[in-house]
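Let me begin by presenting the structure, written as structure tokens, before commenting on it.
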Amino acid sequence: MSDNDTLFMKRAIELSLENVTKGGGPFGAVIVRKGEILAESCNLVTALNDPTAHAEINVIREAARKLKTFDLSGCMIYASCEPCPMCLGAIYWARIDKVFFANTASDAQKIGFADSHIYKEISRPPQERNIEFRQLLRKEALRAFKAWKESENKIKY
């Protein structure tokens, strides 16, 4: 771990603390590229009434806008807490190279932010999940997949 890593993590933690003073959740994140902060954000779930507005999601969106690409290869994310399943998925989809985190999922669970049940749900077949899942119109929906597969204009991601 370098001195810069420590500075970037301190900024993510600072964002999380600032957010608490504004009534938001205790989470902050920064994305770094080529040794400089490209984007920074905090948890805006309650401010925006958006359950997906986690710090990591917000900062990924901002970095992608600035770079004008969905591919954040070459970037690192510094999060004040270990990413939840949703954020982890977004990090992988964004192709971020490295994740640094401060607090653990266990630390978050101790203050009421538990996501272990989501990991359990993900591993279950859809018909065994706590939220009802029903498959409908697969045959019709497969037409879009076929069209995408055959399209010469598609952008793979």
Side-chain angles (χ1 to χ4, degrees), residues 1-136 138 141 156-157:
M1 198 134 12
S2 73
D3 288 341
N4 280 343
D5 292 329
T6 301
L7 289 174
F8 298 139
M9 184 57 76
K10 283 183 178 181
R11 180 61 185 149
I13 293 167
E14 183 178 302
L15 289 164
S16 71
L17 287 165
E18 288 173 5
N19 203 45
V20 170
T21 66
K22 297 174 188 172
F27 305 97
V30 298
I31 289 184
V32 173
R33 183 171 180 242
K34 297 181 180 177
E36 293 189 17
I37 293 178
L38 175 65
E40 57 182 42
S41 192
C42 56
N43 181 291
L44 299 173
V45 169
T46 57
L48 300 176
N49 291 315
D50 179 352
T52 69
H54 290 199
E56 297 91 336
I57 300 293
N58 295 333
V59 79
I60 287 169
R61 289 174 177 160
E62 180 62 24
R65 271 193 296 276
K66 283 185 176 178
L67 294 176
K68 295 181 171 66
T69 181
F70 56 83
D71 185 345
L72 300 182
S73 297
C75 293
M76 297 180 286
I77 189 168
Y78 295 79
S80 65
C81 188
E82 184 177 355
C84 74
M86 176 182 67
C87 294
L88 183 61
I91 288 165
Y92 275 96
W93 278 112
R95 299 184 182 112
I96 291 172
D97 290 356
K98 194 180 287 189
V99 178
F100 294 88
F101 65 94
N103 292 319
T104 66
S106 177
D107 295 330
Q109 185 168 349
K110 290 174 187 170
I111 62 163
F113 293 94
D115 56 18
S116 59
H117 69 285
I118 299 171
Y119 283 106
K120 288 177 190 170
E121 285 288 299
I122 289 169
S123 68
R124 293 180 176 153
Q127 65 275 13
E128 294 178 17
R129 294 181 182 151
N130 288 324
I131 296 174
E132 185 176 342
F133 279 68
R134 288 190 179 184
Q135 187 174 21
L136 293 173
R138 179 175 180 259
K156 292 184 179 184
Y157 59 96

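If you read the sequence from its start, that first residue is 1, and numbering goes on from there. All figures in this text were calculated on a predicted structure; none of them were measured in a lab.
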Which heavy-atom pair separates [X] from [Y] by the least distance, and what is that distance?
X	Y	answer
Ala63	Ile31	CB-CD1, 3.8 Å
Asn19	Gly25	ND2-O, 2.8 Å
Leu15	Cys42	O-CB, 4.1 Å
Cys75	Ile96	O-CG2, 3.4 Å
Ile13	Ala102	CD1-CB, 4.2 Å
Thr46	Gly24	OG1-CA, 4.2 Å

So, using salt bridge (Lys or Arg N to Asp or Glu O under 4.0 Å) as the criterion, who are the partners of [X] when residues are at least two apart?
X	value
Arg95	Asp71
Arg124	Glu121
Arg33	none
Glu40	Arg11

>> Could you check whether any side-chain N or O of Lys66 sits under 3.5 Å from a backbone N or O of Leu38, counting only pairs where one atom can act as donor and the other as acceptor?
In response: yes

> Short question: side chain of Asp97, backbone of Ser73 - any donor-acceptor pair under 3.5 Å?
Replying inline: no

> Counting heavy atoms not belonging to Glu36, are there more than 12 under 6.0 Å from its CD?
Replying inline: no

> Mind checking what makes side chain to side chain contact (heavy atoms under 4.5 Å, CB included) contact with Glu132, not counting sequence neighbours?
Replying inline: Arg134

>> So, using side chain to side chain contact (heavy atoms under 4.5 Å, CB included) as the criterion, who are the partners of Ser2 when residues are at least two apart?
In response: Asn4, Asp5

Set of residues satisfying side chain to side chain donor-acceptor pair (under 3.5 Å) with respect to [X], sequence neighbours excluded:
X	result
Arg65	Glu62
Thr52	Asp50
Thr104	Asp107

>> Give me each pair satisfying salt bridge (charged side-chain N to carboxylate O under 4.0 Å, His left out) with a member in residues 75-91, each pair once, sequence neighbours excluded.
In response: none

Close side-chain approach of [X] to [Y], heavy-atom, < 4.5 Å:
X	Y	value
Ile57	Cys87	yes
Val99	Leu88	no
Gln109	Ser116	yes
Pro26	Ile111	yes

> Can you list every pair that meets ring-ring contact (aromatic ring centres under 6.0 Å, His included) and has a residue in residues 85-108, with sequence neighbours left out?
Replying inline: Tyr78-Phe100

>> For residues 111-136, which residue pairs pass the ring-ring contact (aromatic ring centres under 6.0 Å, His included) check, not counting sequence neighbours?
In response: Phe27-Phe113

Once rounded to the nearest 0.5 Å, what's the spacing between atom [atom1] of [X] and atom [atom2] of [Y]?
X	Y	atom1	atom2	result
Asn58	Ser41	CG	OG	4.0 Å
Lys22	Asn43	NZ	CG	12.0 Å
Ile77	Lys98	CD1	NZ	14.0 Å

